[in-house]
Amino acid sequence: MGYARKVGWVTAGLVIGAGACYCIYKLTRGRKQNKEKMAEGGSGDVDDAGDCSGARYNDWSDDDDDSNESKSIVWYPPWARIGTEAGTRARARARARATRARRAVQKRASPNSDDTILSPQELQKVLCLVEMSEKPYILEAALIALGNNAAYAFNRDIIRDLGGLPIVAKILNTRDPIVKEKALIVLNNLSVNAENQRRLKVYMNQVCDDTITSRLNSSVQLAGLRLLTNMTVTNEYQHMLANSISDFFRLFSAGNEETKLQVLKLLLNLAENPAMTRELLRAQVPSSLGFLFNKKENKEVILKLLVIFENINDNFKWEENEPTQNQFGEGSLFFFLKEFQVCADKVLGIESHHDFLVKVKVGKFMAKLAEHMFPKSQE
């Protein structure tokens, strides 16, 4: 009896594994088509999310390039990176395991199947594989399949109904950066849905902490920023990031161009919400923030930063809040904007920028800032 039970469990595991591998192959074969579908994001829309401003940033996460497909699935253990002879052998074994896994998937897949959309039954098998497998390269392949499949709006509901949100969110606890990045990509694509957002909000604090503490400019950090950007498309969950705004400004000042732009998309979502204006003004900003206004800085970075400042100025009634201005501490964004002459010198320094749009934006920003900083009663 015990032997029969063991055989039954092994058989069930093989069936689930075979079916999941087939599902993974169906999507990884059509990754290029899926990426084109995923690229349609960024419009500021959320499935069934009601009114959402078109200026809001709803970021899709692009998967790896097709040329990196064979490399991204190979996971090396820590001791394989040392560069020793043993490390070389370990890396060879890891590559061999990944190759065998891909070949096993190909054998189980239909050679004439170009369909890249998984059925609910196939999605359930892939989710079972994510939940049961402990092999990083298998988890990575399964998460890539789920992420690509979540590019289709109708599948976001199916994955949620199959219990996929907590299954994928549990992977965020892994220490493997590649697997964690793929899990964030899946959650990012699933978050373009109002009901999914309501269920994913419980993971926002964890994602926020992981994003801030991750290696600067890493793929995990960027994937986390994209997910947080999607979660702030509407005003409903923005208050959950209030205590982390200072950290976002720190990432903005220290990060590379890609990180800067991603942080700005997130901050711009917050700046468009009047209820978040005080939290933004209260945030501590690095002293180096003003030095970003220079001719060498990326045009898109300057324009987005100016739009954020304009939104804050528009939403904050400077005259009405005069008695409460002592609530903002030194080094806050409020004092950065309050020091008009210092800020003016830095901003006016790029009025000679070669780009006409930058000149217009700078002039508009300076006019609004001057109006707020010098009330009519003091003229």
Q.
Has Gln197 got a side-chain atom pairing as donor or acceptor with Asn230's backbone, closer than 3.5 angstrom?
A. yes
Q: Go through the side-chain N and O atoms of Asn173 and Gln206 and say whether any donor and acceptor fall under 3.5 Å apart.
A: yes
Q. Should the pair Lys265-Glu272 be classified as a salt bridge under the 4.0 Å nitrogen-to-oxygen rule?
A. no
Q) With a 4.5 Å heavy-atom cut-off, do Phe252 and Val301 have their side chains touching? A) yes
Q | Residue pair Arg215, Glu181: steps toward the salt bridge (charged side-chain N to carboxylate O under 4.0 Å, His left out) verdict | A | CA-CA 12 Å; Arg215 182 171 55 85; Glu181 178 201 2; over 6 Å; no
(Q) Going by side-chain hydrogen bond (donor to acceptor under 3.5 Å, both in side chains), name the residues that satisfy it together with Thr259, two or more places apart in sequence or in a different chain. (A) Asn217, Asn256
Q) So, do Leu281 and Arg278 sit near enough that their side-chain heavy atoms are less than 4.5 Å apart? A) no
Q | Asp209, CG atom: more than 12 neighbouring heavy atoms under 6.0 Å | A | yes
Q | Arg156 side-chain N/O to Asn189 backbone N/O, donor-acceptor pair under 3.5 Å | A | yes
Q.
Once rounded to the nearest 0.5 Å, what's the spacing between atom CG of Leu264 and atom CG of Asn269?
A. 11.0 Å
Q: Output, in order, the C-alpha distance, side-chain angles, deciding distance and verdict of side-chain contact (heavy atoms from CB on, under 4.5 Å) for Leu266 and Leu241.
A: CA-CA 10 Å; Leu266 173 59; Leu241 302 182; 4.0 Å; yes
Q: Could you pull out the closest heavy-atom pair between Leu184 and Ala223, with the gap in Å?
A: CB-CB, 3.8 Å
Q. Under a 4.0 Å N-O cut-off, is there an ion pair linking Lys260 with Glu257?
A. no
Q. Can you check side-chain contact (heavy atoms from CB on, under 4.5 Å) on Leu333 and Phe309, steps first, answer last?
A. CA-CA 10 Å; Leu333 181 61; Phe309 289 167; 3.8 Å; yes
Q.
Show, in sequence, the C-alpha distance, side-chain angles and deciding distance for Arg160 and Asn193, and conclude whether the side-chain contact (heavy atoms from CB on, under 4.5 Å) test is met.
A. CA-CA 10 Å; Arg160 180 188 68 244; Asn193 177 290; 3.5 Å; yes
Q.
With heavy-atom distances below 4.5 Å as the criterion, would you say the side chains of Tyr137 and Ile178 are in contact?
A. no
**Q.** Minimal non-hydrogen separation, Val186 against Leu143, with atom names
**A.** CG2-O, 3.2 Å
Q.
Tell me whether Glu122 is salt-bridged to Lys125, with the criterion being a basic N under 4.0 Å from an acidic carboxylate O.
A. no
Q: Grab the two heavy atoms, one from Val263 and one from Phe248, that are nearest each other, plus how far apart they are.
A: CG1-O, 3.3 Å
Q) Backbone N or O of Thr229 within a donor-acceptor pair of the Thr232 side chain at under 3.5 Å? A) yes
Q: Could you tell me how the ring of Phe316 sits relative to the ring of Phe334: parallel (under 30°), tilted (30 to 60°) or perpendicular (over 60°)?
A: perpendicular
Q) Which pair of heavy atoms, one from Gln284 and one from Ser332, lies closest together, and at what distance? A) NE2-N, 3.8 Å
Q: For Ser244 and Asp247, indicate whether the former's side chain and the latter's backbone hold a donor-acceptor pair under 3.5 Å.
A: no
Q: Drop me the distance from Asn196's CG to Arg199's CZ, to the nearest 0.5 angstrom.
A: 7.5 Å
Q) Would you call Leu222 and Glu258 a side-chain contact if the rule is heavy atoms closer than 4.5 Å? A) yes
Q. When rounded to the nearest 0.5 angstrom, what is the spacing between CG in Leu305 and CG in Leu268?
A. 10.0 Å
Q: Measure the shortest side-chain to side-chain distance between Tyr203 and Leu187 over non-hydrogen atoms and say whether it is less than 4.5 angstrom.
A: no
Q) Any donor-acceptor pair under 3.5 Å linking the side chain of Asn149 with the backbone of Ala145? A) no
Q. Within a strict 4.5 Å, meaning less than it, do heavy atoms of the Cys208 and Ile212 side chains meet?
A. yes
Q | Reported CG-to-CG distance for the pair Leu280 and Asn273, which is rounded to 0.5 angstrom | A | 9.0 Å
**Q.** Shortest non-hydrogen contact from Arg198 toward Lys201
**A.** O-CG, 3.2 Å
Q: Can you see which heavy atom on Val168 is nearest to which on Ala183, and at what distance?
A: CG1-O, 3.7 Å
Q: May I have the step-by-step check of side-chain contact (heavy atoms from CB on, under 4.5 Å) for Ser191 and Leu227, ending in yes or no?
A: CA-CA 7 Å; Ser191 68; Leu227 175 55; 3.8 Å; yes
Q) Under the salt bridge (charged side-chain N to carboxylate O under 4.0 Å, His left out) test, which residues partner Lys180, sequence neighbours left out? A) Asp210
Q. Rounded to the nearest 0.5 Å, how far does CG of Leu129 lie from CD of Gln124?
A. 13.0 Å
Q: Please check if the side chain of Ser133 supplies one atom and the backbone of Val130 the other of a donor-acceptor pair under 3.5 Å.
A: no
Q) Is any side-chain heavy atom of Leu251 less than 4.5 Å from a side-chain heavy atom of Gln221? A) yes
Q | Atom pair CD (Glu131) and CG (Leu139), whose distance is rounded to the nearest 0.5 Å | A | 11.5 Å
